[in-house]
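One structure below.
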Protein chains: 2
Amino acid sequence: MLNYSTSEENYIKAIFHLQQEDGTVTTNELANELKTKPASVTDMMKKLKVKKLLHYQPYQGFRLSSEGNKVALTIIRRHRLWEYFLAEKLKFSWDEVHAVAEHLEHVSSKKLIDKLDEFLGFPRTDPHGDPIPDMNGKIETSKQIPLTELAANKPAVVCHVSDQSTEILDLLRHKNISIGTKLEVKKKFDFDDSMEVRIGRHPAFTISKQLAENIFVQIT
Amino acid sequence: MLNYSTSEENYIKAIFHLQQEDGTVTTNELANELKTKPASVTDMMKKLKVKKLLHYQPYQGFRLSSEGNKVALTIIRRHRLWEYFLAEKLKFSWDEVHAVAEHLEHVSSKKLIDKLDEFLGFPRTDPHGDPIPDMNGKIETSKQIPLTELAANKPAVVCHVSDQSTEILDLLRHKNISIGTKLEVKKKFDFDDSMEVRIGRHPAFTISKQLAENIFVQIT
DNA sequence: TTCTTTTTTTAGGTTTACCTAAAAATATTT
DNA sequence: AAATATTTTTAGGTAAACCTAAAAAAAGAA
Ligand SMILES: [Mn+2]
Ligand SMILES: [Mn+2]
Ligand SMILES: [Mn+2]
Ligand SMILES: [Mn+2]
């Protein structure tokens, strides 16, 4: 596999993530994701097309080629292994690992990453509960569901919060919920769609419908 | 401390190392060290002078300012901590660590490096025996002498190898010499400046002039 | 000292990855 | 269907970090 620039890698990874939801990715979506301008995205799409990492016809949106997908998975593997290292070995807290891994992921030595994987004991998920692709780029596809759709007494891990406001973070902090928190729904109430949730062996507590809609989990 | 580009950091570090020997560094020396062209060096020297990292008057050579020295020491700290990590935790061999550390050293999170240092148990030297600057940029200057200057029958410990090639590593491994090895020179031969060396109570063996010049020891 | 060689700088060009503004294509309303 | 709005691309420009070739300065020899 060839080596790609930091910028190319960031684009490839962003397309990979966006196409999980949309199938095909648009110029504006990607510009927004990468905090860049649509014109810059078009420039890069032309380049990645020439490198055969991308299917792209002008005005038609784009998606990764199978080669592009392979590249994306190695970058995601690096990112998540470093996140695991930072959290597990260096005792970073869950919200600090991403920013640093965003840089470490671009150090492209295959040997480094495979040895790191071994050193860490071949972890299967990162500190946010997202699966780590293996040496061959194989990744467990676990689908995220909103907490509202989680059946009672099914252990799950929080993997995504769709609202980024100070208000929801404040509430989540108060309820001791963060990305990576393992929890179970104990009971659902039809009257207001609120639910009782339990984290580990702590006492159960209530979550409103509005909050539950914004918390996404993976069944473990 | 501000953040500098990968390129700026590579220049700063190279100047630091070159000025240990020369005091003042020239354009050609630096171009040669960084495998770049003299015109590129001049461009960068102007930039680093504006940023006050460098003392530089055209045609007069250059040396780092005290701020430049501080920056150099943090880059060297990162480099050597990563080398230690690679060797000690990921079981990289001696000659493989440098190339990877050359990239890892540019990830500039202070917290990352200080936590890594702690995780590694605050190592004092890297796998080549070079001292690791502490959090404040303080670096030990231990008086090391080349094996060529070690008097006969003086017990000493190997603390540094100045050549980092695979070839010297191969030879050192064959002779069972590594950083920390305790040895004594038993006899020196004026004809070819070779010497007989003994490790502990093992039988003495021969070391060539070329090898002895690259092995640095501290008298114990 | 004057000539010659070497070193260093300047001038001008390239590539990558950005940008803004305008044009073109596509999508949405009326 | 035509008008309007939005999205995307093109055109042209900038800054960083390189480059080559030529000019200028410094160093070394005659
Ligand atoms: Mn990144
Ligand atoms: Mn993650
Ligand atoms: Mn480097
Ligand atoms: Mn080293």
Side-chain angles (χ1 to χ4, degrees), chain A residues 2-15 18-19 21-64 68 71-72 75 102-103 105-108, chain B residues 2-15 18-19 21-64 68 71-72 75 102-103 105-108:
Chain A
L2 296 176
N3 277 304
Y4 300 99
S5 71
T6 293
S7 205
E8 288 170 331
E9 290 190 343
N10 284 333
Y11 274 93
I12 292 164
K13 190 166 63 117
I15 296 166
L18 289 173
Q19 76 183 9
E21 290 164 19
D22 297 53
T24 175
V25 182
T26 68
T27 305
N28 272 356
E29 274 176 345
L30 190 49
N32 179 61
E33 175 78 11
L34 292 171
K35 269 120 209 226
T36 184
K37 294 292 179 303
S40 305
V41 171
T42 301
D43 282 354
M44 184 60 90
M45 293 309 96
K46 287 180 185 167
K47 190 150 60 114
L48 295 181
K49 187 189 180 176
V50 169
K51 296 192 179 184
K52 299 208 192 295
L53 296 171
L54 207 60
H55 299 295
Y56 164 57
Q57 295 302 336
Y59 299 100
Q60 302 303 125
F62 26 82
R63 55 180 220 287
L64 295 175
V71 174
I75 303 162
E102 204 52 54
H103 293 103
E105 70 185 357
H106 303 293
V107 176
S108 66
Chain B
L2 295 176
N3 277 304
Y4 300 99
S5 71
T6 294
S7 205
E8 288 171 330
E9 289 190 345
N10 284 334
Y11 274 91
I12 293 164
K13 191 166 62 120
I15 296 166
L18 289 172
Q19 74 183 9
E21 290 164 16
D22 299 52
T24 176
V25 182
T26 69
T27 304
N28 271 356
E29 273 176 345
L30 190 48
N32 179 62
E33 176 78 11
L34 291 171
K35 270 122 205 210
T36 184
K37 293 292 179 301
S40 306
V41 170
T42 301
D43 282 354
M44 184 60 90
M45 294 307 98
K46 287 180 185 167
K47 191 151 60 113
L48 295 181
K49 187 190 178 176
V50 169
K51 297 193 178 185
K52 300 207 189 296
L53 295 172
L54 206 61
H55 298 295
Y56 164 57
Q57 295 302 334
Y59 299 102
Q60 301 302 126
F62 25 82
R63 54 180 221 288
L64 294 176
V71 174
I75 303 162
E102 205 53 54
H103 294 103
E105 71 186 357
H106 303 293
V107 177
S108 65

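Just so we're on the same page: letters track the sequence lines, and every chain starts at 1.
As rounded to whole Å, 13 Å separates atom P of C:dT20 from atom CG of A:D43. For B:Q60 and D:dA25, the CD to P distance is 13 Å, given to the nearest whole Å. Spacing between atom CG of B:L48 and atom P of D:dA16 amounts to 12 Å, rounded to whole angstrom units. In this entry the distance linking NZ of B:K46 with P of C:dT8 reads 15 Å, nearest Å. In this structure, the CE atom of B:M45 is 18 Å from the P atom of C:dT7, given to the nearest Å. As rounded to whole Å, 12 Å separates atom C1' of D:dA25 from atom OH of B:Y56.
Within the 4.0 angstrom heavy-atom criterion, only backbone atoms of the sugar-phosphate kind lie near B:S7; the bases stay farther away. B:Y11 comes within contact range of the sugar-phosphate backbone alone, with a heavy-atom separation under 4.0 Å but no base atom that close.
Considering all non-hydrogen atoms of both residues, A:N28 and A:P38 come closest at OD1-CG, 3.4 Å. Nearest heavy-atom pair, A:I12 versus A:G68, reported as atom, atom and distance to 0.1 Å: CG2-O, 3.7 Å.
Near DNA chain C, meaning a heavy atom under 4.0 Å away, the residues from residues 25-39 of chain A are A:T36, A:K37, A:A39.
Here D:dT9 is the nucleotide among D:dT9, C:dC18, D:dC19 with the atom lying nearest to any side-chain atom of A:Y59.
The shortest distance between the side-chain N/O atoms of B:S40 and the OP1/OP2 oxygens of D:dC18 is not below 4.0 Å. For B:Y4, no side-chain nitrogen or oxygen approaches OP1 or OP2 of D:dA16 to under 4.0 Å.
Between the side chain of B:Q19 and the main chain of B:L64, a donor-acceptor pair closer than 3.5 Å is present.
A salt bridge is absent between B:K13 and B:E8: the closest approach of a Lys/Arg side-chain nitrogen to an acidic carboxylate oxygen does not fall below 4.0 angstrom.
Here the side chains of A:I15 and A:R63 are not in contact, with every heavy-atom distance at 4.5 Å or above. Looking at A:F62 and A:L53, their side chains never come closer than 4.5 Å, going by heavy atoms from C-beta outward.
Atom NE2 of B:H55 has more than 12 neighbouring heavy atoms from other residues, nucleotides or ligands inside a 6.0 Å radius.
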